[in-house]
Amino acid sequence: MTVIEPGCTLGILGGGQLGRMLALEAKRMGYRVITLDPELDAPCGQVADAQIVARYDDQEAVAQLGDRSDVLTYEFENVPAASVQWLEAEGRRVHPSSAVLTITQNRWREKMFVANLGIGVPRFRAIASVEDGEQAAREIGFPALLKLISGGYDGKGQALVRTPAEAREALCRWGISEDVSAEPRAIWEQWVPFVKEVSMIGVRDERGTVLTYPLVENTHVDNILDTSIVPARVAPEVEEEAQRIVRAIGEHLGIVGVYCVEMFLLEDGRLLVNEIAPRPHNSGHYTLDACVVSQFENHVRAICGLPIAPPQLRSAAIMVNVLGDGSGHRLIGVERILEDPRVRLHLYGKRDARRKRKMGHVTILVEDVSEALALAHRVRQHLRWG
Ligand code: AMP
């Protein structure tokens, strides 16, 4: 295993906020960074040494990114697996591999993969036709979540259905025909009455060492992450079980780099896996301020063949996402929230504060998580767009 030393170039497919925070950590460590993103002046492009402005499936541009990089990674999981495969076929070092992406880009394969490890997932069934939907309604029942197998994120490509009519309507909207020989395009998933949504960041290096960050407790609004609290307020056995799950997933995926496992905690203490993200994750942003080594630094270390660092929590924290709301592009109230020395602001350099667009986040370092929600509420009261 060769080490990609500081001074070498990291290529990032995708130029969003995850790429930006990754680039900032990589730059601090002395790496050069180049990103590929179709949008000019992308959040990562603003802080990288260079940006190639092109589509993710532009083979020539992807090849150019490969030529100019010593190691490559991606910052969102919907980059075409084919682009990662081209890079691999050209002998480029890409982490995580396209094999990982092929599983995690496809909800059906991902759920089968997790279930085959003996890890709990909500009951599910692949849907290729309206007939399959009827069968799933009989087997799994309502309420259910219908999810497109590929392309969805943050609740996009998802429908909560309570009746056969609603299910039919959702399947027709997605053009799922009556042709039973078609490839499954959606899954029917049992709606789970969870008590908490939690997630855990893992990092695995090329030698196979897996380290896990503390369990995080997440709340979502309109399917988008709203706040993350760490450490999660759960029994020690739940934290241990989550570590076991995250470790098993990392080992069997053979992933190199940082990944996140989102889970539902049930009333009886069981954990069911919802999703795997093969990259740094929104619920791990707190690690920039509250851990000795952030998820982004550990990703850089893992993909460059450097030792990964045990995730040490320096402080409890709450992370609050700052979303656009369509009412203006200037964030008002920054000076008020920064009066509190426990508050750290991260903005992603996006100009257009469209509704629900992730514009930044705030991390509040707290003595005790019991004070976290009140502090987060205060931050929210002061911040607005105008
Ligand atoms: P996803 O895109 O799969 O992460 O789903 C977005 C959000 O929808 C999750 O964070 C949950 O709040 C909710 N959700 C997804 N799947 C289920 C489920 N099976 N039961 C209940 N809620 C769910």
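We count ligands from 1, going down the list as the structure has it; atoms in each ligand are counted the same way.
The proximity of Asn274 to ligand 1, defined as any non-hydrogen pair under 4.0 Å, is limited to the side chain. Contacts of Arg107 with ligand 1, taken as heavy-atom pairs under 4.0 Å, involve the side chain alone. When heavy-atom distances to ligand 1 are checked against a 4.0 Å cut-off, Gln190 comes that close only through its backbone atoms N, CA, C and O. Contact annotation: for Leu145 versus ligand 1, heavy atoms closer than 4.0 Å belong to the side chain alone.
Which parts of ligand 1 touch Glu197 is read off a 4.0 Å heavy-atom cut-off, strictly below it: atoms 9 (C), 10 (O), 11 (C), 12 (O). Within ligand 1, counting atoms from 1 as listed, the ones closer than 4.0 Å to a heavy atom of His220 are 10 (O). The distance from ligand 1 to the heavy atoms of Phe194 drops below 4.0 Å at these ligand atoms: 21 (C), 22 (N). Below 4.0 Å from some heavy atom of Val192 lie the following atoms of ligand 1, by number and element: 18 (C), 19 (N), 20 (N), 21 (C). Under a 4.0 Å criterion applied to the non-hydrogen atoms of Lys147, ligand 1 contributes the atoms 3 (O), 15 (C), 16 (N).
The structure places CG of Leu22 at 6.5 Å from CD1 of Ile303, a figure rounded to the nearest 0.5 Å.
Remark: Glu110 does not engage Arg107 in a salt bridge, criterion side-chain N to carboxylate O under 4.0 Å. Taking the charged nitrogens against the carboxylate oxygens, Asp325 and Arg355 have no contact shorter than 4.0 Å, which rules out a salt bridge. A salt bridge is defined here as a Lys NZ or Arg NE, NH1 or NH2 lying under 4.0 Å from an Asp or Glu carboxylate O, and Arg93 with Asp70 fails to meet this definition. Under 4.0 Å is where a charged nitrogen must lie from a carboxylate oxygen, and between Arg92 and Asp67 at least one such pair does.
Using modelled atom types, one finds no donor on one side chain facing an acceptor on the other under 3.5 Å when comparing Asn78 with Tyr56.
Closest heavy-atom approach to atom 2 (O) of ligand 1 among the candidates Glu189, Gln158, Glu262: Gln158.
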Kindly indicate, with the supporting measurements, whether the criterion salt bridge (Lys or Arg N to Asp or Glu O under 4.0 Å) is fulfilled by Arg125 and Glu189. CA-CA 7 Å; Arg125 195 184 196 286; Glu189 187 175 308; over 6 Å; no

